[in-house]
2 protein chains.
Amino acid sequence: MCHDFHGTIEFIGKRWMGIIIYQLLNGPKRFSELTENIPGISDRLLTERLRELEKEGLIIKAMIPSQKKAHYELTPAGRELETVISSILNWIRIKQKLSN
Amino acid sequence: MCHDFHGTIEFIGKRWMGIIIYQLLNGPKRFSELTENIPGISDRLLTERLRELEKEGLIIKAMIPSQKKAHYELTPAGRELETVISSILNWIRIKQKLSN
DNA sequence: CTGTATCCCCTCCGATACTG
DNA sequence: CAGTATCGGAGGGGATACAG
């Protein structure tokens, strides 16, 4: 359990990872949409993070063959991350209150 | 907000950070107790992480002058991280169920 | 016991260029 | 648009030694 915890928390703590997941929680997104909504991220890193998320089974890449458009969307396991993201967002709020 | 989120998630995703917080949620701990309970961590990194946690106001170092013993314990803000840690632990469980 | 100080490798990441 | 390939610098982190 300790090992999984360690792996998980470092995985979602990777650079840009949290924000990418956060974006995807608002619905499927295309590569270019992610680029636009995440200021500062490079193509290289976005690609790398997306592949890692795919590999972990947290997102899938869906192709629409008629048009040649790729979408990325969360799997059920990925969607369950909403709780984690929310708790972090909530903690940030709490912390700011406490520091007054 | 995006900036805070980014900073926070990367902060707690640093190597050993999650486990250190997890240990401290079970009550104040001494340096040596943390070393024993966290297999593989080095003195150097434990020190570094503790200093970062102090700087962020998430733990305090309490000295007992009579004996020369240091304790580390979570501040109120630090204790609020329990929700975040729990949600991650819970997500790991959910993910394992989903992968059956 | 509770750290600090170095050294140094090796990974992460940014920049840049290129492709179908 | 949606990536892939390559390079090079910065720094994170392991190993080791030392200290009050």
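The chains referred to below are lettered A, B, ... by the order of the sequence lines, with proteins before strands, and numbering in each begins at 1. All values below come from the heavy atoms of this structure, side chains included, with hydrogens, waters and symmetry mates left out.
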**Study point:** Whole-Å gap separating P (D:dG14) and CD (B:E48)
**Key:** 10 Å
Exercise for review: Nearest-nucleotide wise, let me know which of A:R51 and B:G40 is further upstream toward the 5' end of DNA chain D.
Suggested key: A:R51
Point to revise | Exam field: side chain B:T83 to backbone A:S87, donor-acceptor pair closer than 3.5 Å | key: no
Check your understanding: Side-chain N or O of B:K69 less than 4.0 angstrom from OP1 or OP2 on C:dG3?
Key -> no
Review point. How close or far is atom C1' of D:dG3 from atom NE2 of A:H71, stated in whole angstroms?
Key: 16 Å
Review point. To the side chain of B:Y72, which of D:dG14, C:dG3, D:dG3 is closest?
Key: C:dG3
Review point. Nearest to the side chain of B:T47 - D:dG13, C:dT4, C:dG14?
Key: C:dT4
Practice item. Would you kindly give the CG-to-C1' distance between B:L46 and D:dG12, to the nearest whole Å? Key: 16 Å
Check your understanding: With a 4.0 Å cut-off, would you call B:K55 and B:E52 a salt bridge?
Key -> no
Exercise for review: Quickly work out the A:I20 CD1 to D:dG3 P distance and round it to whole Å.
Suggested key: 12 Å
Check your understanding: Out of D:dC1, C:dG14, D:dG13, which has the shortest distance to the side chain of B:L45?
Key -> D:dG13
**Study point:** Heavy-atom donor-acceptor pair, A:N37 side chain to A:E33 backbone, under 3.5 Å
**Key:** yes
Review point. How far apart are the C-alpha atoms of A:L58 and A:F11, what are their side-chain angles, what is the distance that settles it, and do they pass the side chain to side chain contact (heavy atoms under 4.5 Å, CB included) test?
Key: CA-CA 12 Å; A:L58 304 184; A:F11 182 79; 3.9 Å; yes
Exercise for review: Answer yes or no: is there an ion pair linking B:E48 with B:R51, defined by an N-O contact shorter than 4.0 Å?
Suggested key: no
Point to revise | Whole-Å gap separating C1' (C:dG14) and CH2 (A:W16) | key: 11 Å
Practice item. Measure distances between side-chain N and O atoms of B:R44 and base N and O atoms of D:dG13, and say whether any donor-acceptor pair falls under 3.5 Å. Key: yes
Study note, to complete from the structure: 5'-most contact on DNA chain D (nearest-nucleotide basis), B:R49 vs B:D43, goes to B:R49
Revision key, fill the gap. Rounded to whole Å, the CZ-C1' distance (A:F11 to C:dC12) equals 15 Å
Exercise for review: Could you check which of C:dG14, D:dG13, C:dT4 has an atom nearest any side-chain atom of A:S42?
Suggested key: C:dG14
Check your understanding: At under 4.0 Å, does any side-chain N or O of A:K14 touch on OP1 or OP2 of C:dC13?
Key -> no
Check your understanding: Between atom CD1 in B:I19 and atom P in D:dG13, what is the gap in whole Å?
Key -> 14 Å
Check your understanding: Of the nucleotides C:dG14, C:dG3, D:dG14, which one has an atom closest to the side chain of B:R15?
Key -> D:dG14
